[in-house]
Amino acid sequence: MKLTLRLGIAVLVAVIAAWFTFQRIPPELSRAEFMAEVRTGHVHKVVIKDKQVITGESSTRGPFRTGYKEPEDASLVAELRAQGVEVVFETSTPGLI
């Protein structure tokens with residue numbers, strides 16, 4: 001009986017934690033959707049994290065994320081800045097192994 005109760009509580013806590021995590025992850029935009037938001041002036045600032053992902057907020061769609069690949073996207077930063085978007089680069093600090 002105690003094991004079943006503990007297992008039930010553990011599952012409930014895991015489900016709640018997963019739900020909160022899911023709610024904090026912004027939706028992913030395709031590159032076409034992202035650039036459409038930029039070109040229509042709905043994006044004013046983006047953060048490129050670890051040269052892998054772009055995050056930002058659109059005035060119409062809210063928070064978003066999209067992929068970033070450094071070699072292929074070399075001209076993207078210049079294009080974003082030409083559209084008046086502030087571009088910030090961030091690097092995560094490595095965790096302990």
Side-chain angles (χ1 to χ4, degrees):
M1 179 75 174
K2 274 187 165 181
L3 181 62
T4 306
L5 180 61
R6 279 193 227 167
L7 182 59
I9 291 172
V11 168
L12 180 62
V13 169
V15 168
I16 291 170
W19 183 80
F20 277 110
T21 301
F22 179 75
Q23 294 299 313
R24 296 197 55 152
I25 298 174
E28 182 135 358
L29 297 182
S30 70
R31 182 52 58 93
E33 291 170 318
F34 168 61
M35 292 310 295
E37 291 295 303
V38 168
R39 289 184 183 114
T40 55
H42 297 298
V43 177
H44 302 287
K45 178 182 177 181
V46 296
V47 177
I48 300 176
K49 295 183 180 181
D50 298 325
K51 298 182 181 178
Q52 295 179 350
V53 66
I54 299 171
T55 60
E57 188 167 341
S58 164
S59 59
T60 57
R61 296 179 74 157
F64 66 85
R65 61 186 283 138
T66 190
Y68 179 83
K69 295 183 177 121
E70 190 174 26
E72 296 89 10
D73 290 334
S75 63
L76 179 63
V77 173
E79 184 177 352
L80 292 172
R81 288 181 173 149
Q83 294 285 332
V85 177
E86 178 184 356
V87 179
V88 176
F89 286 88
E90 287 184 0
T91 304
S92 299
T93 55
L96 296 175
I97 297 176

Closest heavy-atom contact between Pro63 and Pro27? O-CD, 3.3 Å
Please report the closest heavy-atom contact between Glu33 and Glu28, naming both atoms and the distance. OE1-O, 4.4 Å
So, the side chain of Arg61 versus the backbone of Phe34: is there a donor-acceptor pair under 3.5 Å, distance only? no
Identify the residue among Thr91, Thr55, Val77, Val53 that makes a side-chain contact (heavy atoms from CB on, under 4.5 Å) with Ile48. Val77
Criterion side-chain contact (heavy atoms from CB on, under 4.5 Å) against Ile54, the qualifying member of Val47, Asp73, Val87, Leu76: Leu76
Assigning hydrophobic clusters by single linkage (Ile, Leu, Val, Met, Phe, Trp, Tyr; side-chain heavy-atom cutoff under 4.5 Å), is Phe89 placed with Val38? yes
Report the distance from atom [atom1] of [X] to atom [atom2] of [Y], rounding to the nearest 0.5 Å.
X: Gln83; Y: Met35; atom1: CD; atom2: CE; value: 6.5 Å
X: Asp50; Y: Thr93; atom1: CG; atom2: OG1; value: 9.0 Å
X: His44; Y: Glu57; atom1: NE2; atom2: CD; value: 10.0 Å

